[in-house]
Amino acid sequence: MNAEDKNLSIKIRRSQLGRARGLGSAKSGIGQWWVQRMTAVALVPLSLYFVVSVILLLGADQARMAAYMAEPWNAALFLALIAMLFYHLALGVQVILEDYVPSEATRLMLMLVAKGVILFLALISAASVLKLAFS
Amino acid sequence: MKDVREALMIGRNSEGKLVRRPLSPFMLGDAYRFQISSLTSILHRITGAALGAGTILLALWLVCAVSGDEAFSIIQAFFASWVGLALLFLFTLALFYHFCNGLRHLAWDAGKGFDLPTMHRTGTLVFVGAIVLTAVFWVIAFLVW
């Protein structure tokens, strides 16, 4: 056994199973994984709708924008887009933080800040769409 | 090695040698040769993060629309400026890339397209699709604008 192997050899008298039990990644993660996919599926038509909306509203003035959002179809689809988009974003940001930030305390803090900002963006976007729709 | 958490990360490679298992993110390290699968993977994440930053523009656009005529004309003028156009161009490129590669990911989640030739083909297709969709978007945009 060379020096490097000796450094890596495990000197703990517990079975592989005993060491692994309770430390796996599969706790509540599967639910988030699934929601990430479901929001992705919802975003396939919704993001295409968004792209078409952007083209329709290029160079529009406020009156045209307000008239567009006053259509219940558009308001509903924009609200759906906002819900799915920001949920998908929050889960994506969580995965990125979990991958790159090893310190649990820093990660928790960044996670709270990121999710707070994302929630705020989602709420202010939805409130704007609603106000345009009802004014 | 006496630390339980560290010991969990020790494994044997295909030659039976003890190695530290690579931890994510490691696709660009020495564990894998650089290839289209790692490129599409990291770009999916980068474009995802970029689109996340881009949602600030979306929220700003909607808020300005509520704030009134003046605020909305300011943000519309910003989008029509060179900086705004460049941001929008990058936004659409990232969006269409993430869209195409996202479809690829959903196909994988359904258990389809895992064999290497298909995976390499769809990987190239994602780049072609993203560029074509972005080009189509901007041709239509400049025609409508």
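Each chain gets a letter, A, B and so on, in the order the sequences are listed, and its residues count up from 1.
Both Ile55(A) and Tyr68(A) sit in one connected hydrophobic cluster of ILVMFWY residues. Membership requires side-chain heavy atoms under 4.5 Å apart, directly or through other members. Connection of Leu57(B) to Trp82(B) is established within a shared hydrophobic cluster, with ILVMFWY side chains joined at heavy-atom distances below 4.5 Å, either directly or through further cluster members. Placement of Leu48(A) and Val52(A) in two distinct hydrophobic clusters is found when ILVMFWY residues are connected by side-chain heavy-atom separations under 4.5 Å, directly or transitively. One hydrophobic cluster, built from ILVMFWY side chains closer than 4.5 Å, holds both Leu85(B) and Leu56(A). In this structure, Met38(A) is not a member of the same hydrophobic cluster as Leu89(A), with clusters built from ILVMFWY side-chain heavy atoms closer than 4.5 Å.
No side-chain heavy atom of Phe99(B) sits less than 4.5 Å from a side-chain heavy atom of Val51(A).
For Phe137(B), the parts lying near chain A are the backbone and the side chain together; criterion is any non-hydrogen pair under 4.5 Å. Neither the backbone nor the side chain of Leu88(B) comes within less than 4.5 Å of any heavy atom of chain A. At a 4.5 Å heavy-atom cutoff, Phe142(B) makes no contact with chain A through either its backbone or its side chain. Using a 4.5 Å cut-off between heavy atoms, Ala65(B) contacts chain A through both its backbone and its side chain. For Leu57(A), the parts sitting under 4.5 Å from any heavy atom of chain B are the backbone and the side chain alike. For Val93(A), no part lies near chain B; criterion is any non-hydrogen pair under 4.5 Å. Looking at Trp33(A), the atoms closer than 4.5 Å to chain B (heavy atoms on both sides) all sit in the side chain, from C-beta outward. At a 4.5 Å heavy-atom cutoff, Phe79(B) makes no contact with chain A through either its backbone or its side chain.
Of all non-hydrogen atoms in Phe72(B) and Ala60(A), the two that sit nearest each other are CE2-O, 3.4 Å. Taking all atoms of both residues into account, the shortest heavy-atom contact from Leu85(A) to Thr55(B) is CD2-CG2, 3.9 Å.
Here the CD-CZ distance, from Gln76(B) to Arg64(A), works out to 8.5 Å after rounding to the nearest 0.5 Å. Rounding to the nearest 0.5 Å places CG of Leu43(A) at 10.5 Å from CG of Leu51(B). Residue Asp69(B) holds its CG atom at 12.5 Å from CE of Met65(A), rounded to the nearest 0.5 Å.
Near-neighbour residues of residues 128-135 of chain A relative to chain B, defined by a heavy atom under 4.5 Å from a heavy atom of that chain, comprise Ser128(A), Val129(A), Lys131(A), Leu132(A). Listed by sequence position, Leu121(A), Ile124(A) are the residues of residues 102-124 of chain A in contact with chain B, using a 4.5 angstrom heavy-atom cutoff.
Among pairs with a residue in residues 113-136 of chain B, none fulfils salt bridge (Lys or Arg N to Asp or Glu O under 4.0 Å), at least two apart in sequence or across chains.
Aromatic ring orientation, Trp61(B) versus Phe78(A): tilted (interplanar angle from 30° to 60°).
Listed by chain and residue number, Arg37(A) satisfy the salt bridge (Lys or Arg N to Asp or Glu O under 4.0 Å) test with Asp109(B) (two or more places apart in sequence, or in another chain).
For OH of Tyr87(A), the number of neighbouring non-hydrogen atoms (other residues, nucleotides, ligands) closer than 6.0 Å is 12 at most. Other residues, nucleotides and ligands place no more than 12 heavy atoms under 6.0 Å from the CH2 atom of Trp73(A).
Among Leu62(B), Val63(B), Leu60(B), the single residue meeting the side-chain contact (heavy atoms from CB on, under 4.5 Å) criterion with Ser125(A) is Leu62(B).
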